[in-house]
Every structure is written in C-alpha cells, then in structure tokens.
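Position 1 is the first residue of the sequence; numbering continues from there.
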Amino acid sequence: MRFSLASPLFLLGLFTINLIHTADAQIGICYGMMGNNLPPANEVINLYKANNIKRMRLYDPNQAALNALRNSGIELILGVPNSDLQTLATNSDNARQWVQRNVLNFWPSVKIKYIAVGNEVSPVGGSSWLAQYVLPATQNIYQAIRAQGLHDQIKVSTAIDMTLIGNSFPPSKGSFRNDVRSYLDPFIGYLVYAGAPLLVNVYPYFSHVGNPRDISLPYALFTSPGVMVQDGPNGYQNLFDAMLDSVHAALDNTGIGWVNVVVSESGWPSDGGAATSYDNARIYLDNLIRHVGKGTPRRPWATETYIFAMFDENQKSPELEKHFGVFYPNKQKKYPFGFGGERNGEIVNGDFNATISLKSDM
C-alpha cells in the first residue's frame, strides 16, 4: 500500500504510534519489599523488563535492586526512607555522602528520575515530628545533586498523601488543610524554584470505603455510566480525576506557582477489607492504566502514575495491605492485562492500517 507522507492515513498512523508511546510511558509500578517470600532483585528487574514496565518506585536505596537496575532502561523514583530524614536535614555532608553512595555510584547506568525525600510525612498525626526535616533534607539532597550538574535530570521532591487536602469538593475548590500550610507552602516554593513535581499517593479505594454513602463504587472504579460531578466547565466521571484535580487546584490556589503532579502510588487491594475483591482490583487497575494517558479535566495531558504495588507483601499490616500486588510472589501475574499503552491504541500491520480503540473506560 502506497501513500504520501502527508496523507491522512499516514498521519493517523503517526498519531497512533504517538498515542501508544505516550500511554506506555506513563505507567510505573512500586517495588515494595515487605515480604519474606519475594524473588531476588535481579529476577524482579527481569520481570519488569519482560512485562514492558518502564518505570519503578523504590522506597529505599536497596543496593541489590540498584545494581540489578543498571542498563535496564527503567526510570526510577528513588526513595529516602523517613528514618533518614533527620540525619540528612541536619548535616549537608551526610546528604552529599547519601547522594554519592546511592545516586552517583549508579548514575547514569541507572536512570534515576526523581528522588522522593520521605513518604507521607504530615505535620499532624503520628509522623508530625518528622515534618520539620523534610524541606531541609530535600534542599540538602538537591544541593548535592546540583553540585554535580544533575539537577535538570534528577528532580528532588517528597511524596504526600491525600490527608493533607482539607477540601476536595468540588475539585476546583481544592485546598490544603490550614494546619499543614506552614509545612507545605515553603515546600511548594522550593518545588517551583527547582522545577520539580509534587509526588502524591492517590487512592480512590480509601475514599470510597471511608464514605460509601456519598462515593459510589462505580465512581471509584471508573465504571460510572456518565458524569457524576459537574464542576463549572469540568465534568467528572471518576473519582481518581476528581481527587487528582483537587490536588492540582490546591496547588494552584496557594498562588505560589505552577507545580506538576506525579501520582506516586495508586492501587486497589484484592482481599482483606471492605470493597476488596479480585474483580474490583482488576477493574480499577485495568481502567487506571487505560485512563492516565488522557489526563484530567483540569490538566488534560498524560499523568505519570505508579501502581502500588508489584507484589503481594505478606509482612505488611493490616490484612488488606498484603493484597495490593499485581504479581504474586512466585512471579505469576495476578491480572490478565498488560502494563503498556498497547491497549489504548493498536497498529494492525505495517501498512499503517491504524486503529484507535474507542472503547470507553466504563
């Protein structure tokens, strides 16, 4: 079949290739290690590659995992454990040594994209004593990265959860809690300065089970038949978009500056609690993977998203925390779907007889 480079069919083929690439690039999976029956790190990295999973989140600089990641092409969120925040915040030499040991010793053969300095630290609640260390630890790590000229390639941030949002409805009125603003506002200022995204753990599952009367299961699973929330010009058919746009609005409404958001965790447990089932988890995750390439009503471009988690982890608690994996510890897939963008679009053959799936997320 012959066609000109300007033909509609050729352009459709290029669009489809781009669509596949864009969606494929958005999904990562979090590699948690809280299990006593998990495969060794080199086998895990091979499992990522075999399943075309091109992004990973690590919660600490596990040396076996970092070594196994060399030359894999997998992009990485590298975590600084909460237990290290104080020592990194109070001593810049410690931060330089941390960067040397866990970043420079592996860069560039390990494609570290972000460093997440702490996970779900909040100035209110059980981790409140750590909050004072998050920004100075982040700044010390950033300065150590900047001293190597890598601050444009490796962005330094932290991961928050949705408990820092005070108002999330309607999404356009999203705002952070008043009692966390003194913690978050300076950090947002740093993110604007550094050009780094805010990492956010977004779980429609927990929002649904916390308020099943007002938040329906279909809305949480991306299966609502139509718009459930109309917010000015924006219509919301699923809870994930509404939650994420409430974070976007909360950031915008501080007036500090524009900050991108990366969804650093999202998932659904297959057992162990209310609304947990194999089918609910399968439906949520399948639809999440299909959806993130489209973005949200407020920010209609692809959302970089990391699924929690790679494996069921039998040393986590409570019980439902053991059942977030997309693989079993024996490396068998729990669910039938893939993790790349091939399900958003499909090239049928080399003649660019291109098709774009119009199947809805319902």
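- Using a 4.5 Å cut-off between side-chain heavy atoms of Ile, Leu, Val, Met, Phe, Trp and Tyr, with links allowed through other members, Leu199 and Met162 fall into different hydrophobic clusters.
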Taking distance alone, no hydrogens or angles, what donor-acceptor pairs closer than 3.5 Å link side-chain atoms of residues 170-178 to residues at least two apart or in another chain?
| from | atom 1 | to | atom 2 | distance (Å) |
| --- | --- | --- | --- | --- |
| Ser172 | OG | Asp231 | OD1 | 2.8 |
| Ser172 | OG | Asp231 | OD2 | 3.1 |
| Arg177 | NE | Asp179 | OD1 | 2.9 |
| Arg177 | NH2 | Asp179 | OD1 | 3.4 |
| Arg177 | NH2 | Asp179 | OD2 | 2.8 |

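- Rounding to the nearest 0.5 angstrom, the gap separating the NZ atom in Lys322 from the CD atom in Gln315 is 9.5 Å.
- In this structure a side-chain-to-backbone donor-acceptor pair under 3.5 Å is missing from Thr305 to Val263.
- Taking the six-membered ring for Trp, Tyr278 and Tyr335 have ring centres closer than 6.0 Å.
- In this structure the side chain of Phe324 never reaches within 4.5 angstrom of the side chain of Glu313, judged on heavy atoms.
- For the pair Lys334 and Tyr328, the cation-pi test (distance below 6.0 Å, angle within 45°) is passed.
- At a threshold of 4.5 Å between non-hydrogen side-chain atoms, the residues Val103 and Ile154 count as touching.
- Between Ile115 and Trp98, some side-chain heavy-atom pair lies under the 4.5 Å cut-off.
- Residue Met56 holds its CE atom at 12.0 Å from CD of Glu75, rounded to the nearest 0.5 Å.
- Of the listed residues (Phe240, Trp268, Tyr205), just one forms a side-chain contact (heavy atoms from CB on, under 4.5 Å) with Leu221, and that residue is Trp268.
- If you take NE2 on His151 and OH on Tyr142, they are separated by 5.0 Å, rounding to the nearest 0.5 Å.
- Under the 4.5 Å side-chain heavy-atom criterion for ILVMFWY residues, a single connected hydrophobic cluster contains both Val134 and Ile145.
- Here the shortest heavy-atom pairing between Asn287 and Thr223 reads ND2-CG2, 3.9 Å.
- Asn105 and Arg70 make their closest contact through O-NH2, 3.1 Å (heavy atoms, listed as atom of the first residue, atom of the second, distance).
- Hydrophobic clustering (side-chain heavy atoms under 4.5 Å, transitive across Ile, Leu, Val, Met, Phe, Trp, Tyr) groups Leu164 together with Phe187.
- The side-chain heavy atoms of Lys331 and Val44, taken from C-beta on, include no pair separated by under 4.5 Å.
- Remark: the Tyr236 side chain and the Asp245 side chain contain an N/O donor-acceptor pair separated by less than 3.5 Å.
- How far CD of Glu304 is from CD1 of Ile77: 6.5 Å, rounded to the nearest 0.5 Å.
- In this structure the side chain of Tyr133 never reaches within 4.5 angstrom of the side chain of Thr87, judged on heavy atoms.
- A salt bridge links Asp185 with Arg181: at least one charged nitrogen is closer than 4.0 Å to a carboxylate oxygen.
- Of the N and O atoms on the side chains of Thr163 and Asp161, at least one donor lies less than 3.5 Å from an acceptor on the other residue.
- Separation of atoms OG (Ser246) and CD1 (Ile165) is listed at 5.0 Å; rounding is to 0.5 Å.
- Using a 4.5 Å heavy-atom cutoff, the side chains of Leu85 and Val121 are in contact.
- Between Leu47 and Glu43 there is no side-chain heavy-atom pair separated by less than 4.5 Å.
- Hydrophobic clustering (side-chain heavy atoms under 4.5 Å, transitive across Ile, Leu, Val, Met, Phe, Trp, Tyr) groups Leu88 together with Trp129.
- Distance OG1/Thr158 to CD/Glu120: 9.5 Å, rounded to 0.5 Å.
- The heavy-atom pair separating Arg55 from Gln26 by the smallest distance is NH1-CA, 3.9 Å.
- Ring geometry, Tyr48 versus Tyr31: the interplanar angle falls from 30° to 60°, so the pair is classed tilted.
- Hydrophobic clustering, with ILVMFWY side chains joined whenever heavy atoms are under 4.5 angstrom apart, groups Leu38 together with Leu66.
- No hydrogens or angles considered: a donor-acceptor pair under 3.5 Å links the side chains of Asn201 and Ser264.
- Looking only at side-chain heavy atoms (C-beta outward), Pro204 and Phe222 stay at 4.5 Å or farther from each other.
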